[in-house]
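Here is how names work: the chains are called A, B, and so on, in the same order as the sequence lines, proteins then strands, and each is numbered from 1. Treat the numbers as computed from the prediction; the structure is a model and nothing was measured.
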2 protein chains.
Amino acid sequence: MGLSGRKKKILAAVVEEYIRTAEPVGSKTVAQTTDLGCSSATIRNELAELASMGYLEQPHTSAGRVPTPQGYRMYVNELMQRQKLSLEETEEINRSLNEKMRELDKLVSNVGALASSLTNYPAMAIAAPPPATIKRFDLIYIDANTFIIVAMMSNNSVKNKLVHLPVSVGQDMIQRLSSVFNANFTDITEERITPLLIRSTERAVDDTMGLTGVIASFAISILSESQTAEACITGANRLLAQPEFRDPAKAHALMSYLSDAEHLHDLDAIDCGGDVRVLIGPENVAEELRDSSVVLASYDMGGDTKGLIGVVGPTRMDYSAVAAKLSLIARALSERLGGGIAPPPGLDNKLIIKGDINEQ
Amino acid sequence: MGLSGRKKKILAAVVEEYIRTAEPVGSKTVAQTTDLGCSSATIRNELAELASMGYLEQPHTSAGRVPTPQGYRMYVNELMQRQKLSLEETEEINRSLNEKMRELDKLVSNVGALASSLTNYPAMAIAAPPPATIKRFDLIYIDANTFIIVAMMSNNSVKNKLVHLPVSVGQDMIQRLSSVFNANFTDITEERITPLLIRSTERAVDDTMGLTGVIASFAISILSESQTAEACITGANRLLAQPEFRDPAKAHALMSYLSDAEHLHDLDAIDCGGDVRVLIGPENVAEELRDSSVVLASYDMGGDTKGLIGVVGPTRMDYSAVAAKLSLIARALSERLGGGIAPPPGLDNKLIIKGDINEQ
DNA sequence: GCTGGCACTCTCGAACCTCGAGTGCTAATA
DNA sequence: TATTAGCACTCGAGGTTCGAGAGTGCCAGC
């Protein structure tokens with residue numbers, strides 16, 4: 001059953017006013033802030049109906065109205081004007097993203113920090129890589145007791161490790177190890193590196209010093225590391241600025257929940273369908289998030305890798321602004337990272353991302 | 001002017017009771033918890049004197065006594081029994097440190113997390129590296145459009161970067177670049193890499209494609225990165241469990257202050273004199289820390305590098321337990337990292353592995 | 001169907017009260 | 001002289017009362 005045009009306008013006005021002030025909204029206020037030419041008495045009737053339909057509720061008999069989760073949902077789905085970011089904001093985001101791109105390995109936490117400072121809510125960032133394999137090994141001979149392992153991964157990241165040996169090794173041995181590892185350890189997953197494989201490799205290169213084991217365990221560790229999604233939360237302190245968290249017990253409960261990376265991974269399972277996804281209050285699975293809202297956006301990190309940025313706040317959240325900002329960040333990141341081969345990041349390439357998400 | 005034996009006992013009792021309960025301590029309670037054979041009236045007289053000496057204060061006329069910062073200072077300096085950790089606690093710390101040592105590049109944040117979870121206060125960790133230089137460049141030729149830069153640093157860490165080119169490059173060019181960079185860019189600090197040097201290098205290798213610039217800017221970025229101290233704060237949410245931060249405005253102020261890494265660096269300047277350093281309330285320089293306390297311990301990371309771990313909490317902090325735990329962590333870390341001999345962490349082979357895993 | 005009017009309801013804050021913990025002082029005691 | 005018991009006093013925490021104000025629901029009239 002759809003809502004009449006006037007009901008929609010009134011509901012939107014209540015939600016927006018409540019988002020702004022965090023105070024229950026009365027009929028008089030609505031009459032003043034909207035341009036429907038009718039009196040507060042009429043609005044009262046409409047408000048009563050909206051309440052009986054489940055979109056609004058009253059904290060107590062003689063207070064104004066507050067949106068229910070269902071009310072927010074209606075607002076987000078149908079009433080909300082997708083906010084247009086100003087040119088300055090768009091440029092600001094693009095500029096700071098260009099900066100963050102320089103340190104790719106800190107990308108996840110940096111992007112989270114950016115989202116948090118832009119929205120003024122705690123933000124989380126998660127990057128769930130697809131299973132990667134090693135594409136290529138290089139062993140750099142430094143001196144008789146030292147060499148560097150360099151492994152290039154299928155996702156175009158490169159890992160390295162410096163190895164010091166208590167014994168001397170010849171350059172020829174390093175050479176042999178390199179070609180054997182390139183032959184036997186590339187393009188395979190972690191579980192394919194069995195003790196059996198290591199032992200047979202050891203025999204093949206005539207290795208009596210356990211070098212094979214060192215390189216193999218390095219391979220195992222980077223493969224397993226590349227599988228575990230990175231997750232972090234930034235700006236948790238901003239939660240305390242929200243009046244709904246004036247109760248320290250509540251704030252503590254939510255912050256503790258969020259500061260456990262385990263819990264963040266749960267969010268990773270949520271599908272954003274390419275765009276921004278909003279989870280309002282009880283729509284969240286986790287008990288601790290039941291009276292907060294989460295806005296998520298996923299971005300393409302290239303090669304099937306999906307990254308996720310999200311923002312947590314009270315259900316009274318500025319969905320429109322947050323969604324617009326996250327969406328822009330996500331699209332800007334996708335453009336920079338996605339599309340197959342990662343462009344040489346940071347240097348001279350200046351990609352401009354349009355901030356207009358008004359279409360749709 | 002020294003305190004009489006009885007006054008010391010009473011002051012210690014007040015501090016400890018207040019630390020335990022967060023409630024002002026009355027004369028009756030002191031009489032019960034200490035074994036001085038005297039009545040509450042006598043204690044009252046002593047308390048009044050301790051108050052007039054500045055060690056205690058009364059929140060209001062008819063309340064118990066609360067230690068002043070000066071009182072805590074006296075307690076920490078002279079009265080506190082240096083807590084002995086139980087064997088289990090010691091082992092627990094050693095065990096989890098061994099685990100953390102596997103991921104050297106996350107050491108800083110991991111150690112912070114350990115300190116925080118052990119003490120139940122927010123913890124910070126800072127590592128200030130000594131200036132490092134690049135000892136050696138290797139360029140790995142992948143294909144006509146791709147190569148990897150590998151740079152070995154004077155502090156034995158290794159950095160790398162994958163470079164994609166829009167144009168083709170021959171293996172000979174890579175070779176030439178490699179030897180020129182090894183000749184001109186090793187053992188120098190960041191500011192010695194001038195535009196002039198880059199231009200002359202460019203001419204020397206006959207580089208028309210800006211490759212020199214790419215490698216040089218990589219060198220600059222890893223040199224500057226190696227100079228900036230890493231700092232992070234963990235477990236900020238634990239602050240909210242403390243009754244003194246029941247006021248969300250206070251909690252917010254402190255948390256915002258702490259979440260800015262800039263501010264953490266200020267702490268780095270503080271000298272711990274090899275052991276644990278306690279800063280009580282107004283002894284802190286930063287305005288925001290004026291009614292909190294900070295406990296710091298520094299550890300030796302080897303090669304002149306100093307790391308710092310610290311804990312923040314209300315002035316009513318369990319100094320004895322916190323100091324004992326931080327001190328143990330710091331000593332354990334010094335043992336593992338400092339003094340040149342780093343024991344092989346984790347891996348079950350007899351080779352000594354140093355270095356870290358970097359992603360670029 | 002909309003509006004103004006009106007009685008009603010409920011919260012919030014101020015003012016007030018009481019209870020109890022803890023003090024400071026004094027006079028008696030070892 | 002140091003300690004103690006006794007007692008009057010102080011002050012905050014927590015409960016109660018009360019009036020003001022905001023907002024509602026309903027009704028009769030337009």
For A:C38, does its backbone N or O pair with a side-chain atom of A:T42 as donor and acceptor, under 3.5 Å?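 Looks like no, no N/O pair under 3.5 Å.
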
Would you please confirm or rule out a distance under 4.0 Å between OP1 or OP2 of C:dG1 and any side-chain N or O of A:R6?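 No, no such contact exists.
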
Using atom [atom1] of [X] as one end and atom [atom2] of [N] as the other, report the distance to the nearest whole Å.
X     : N      : atom1 : atom2 : result
A:I43 : C:dC2  : CD1   : C1'   : 11 Å
B:K28 : D:dT4  : NZ    : C1'   : 16 Å
B:E46 : D:dT1  : CD    : P     : 17 Å
A:Q32 : D:dA22 : CD    : P     : 12 Å
B:L36 : D:dT4  : CG    : P     : 10 Å
A:E17 : D:dA22 : CD    : P     : 15 Å
A:E49 : C:dC2  : CD    : C1'   : 14 Å
A:N45 : D:dA28 : CG    : C1'   : 14 Å

I'd like to know if the side chain of A:E287 pairs up with that of A:Y257 as donor and acceptor (distance under 3.5 Å, no hydrogens or angles considered).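 Judged by distance alone, the side chains do not pair up.
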
Testing the 3.5 Å rule here: is there a donor-acceptor pair between the side chains of A:Y75 and A:S320?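 No.
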
Could you list, one pair per line, each protein nitrogen or oxygen that sits under 3.5 Å from a nitrogen or oxygen of nucleotides 7-11 of chain C, together with the distance?
from, atom 1, to, atom 2, distance (Å)
C:dT9, O2, A:S62, OG, 3.2
C:dC10, OP1, A:T61, OG1, 3.3
C:dC10, O2, A:S62, OG, 3.0

[X] with [Y]: basic N within carboxylate O range, under 4.0 Å:
X      : Y      : answer
B:D275 : B:R82  : yes
A:D318 : A:R20  : no
A:E283 : A:R73  : yes
B:K250 : B:E244 : no
B:R6   : B:E46  : yes

N/O-N/O pairs, protein side and nucleotides 5-7 of chain D side, under 3.5 Å:
from, atom 1, to, atom 2, distance (Å)
D:dG6, O6, B:R44, NH2, 3.3

Smallest separation among heavy atoms of B:I233 and B:P122, with atom names: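 Shortest heavy-atom contact: CD1-CB, 4.4 Å.
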
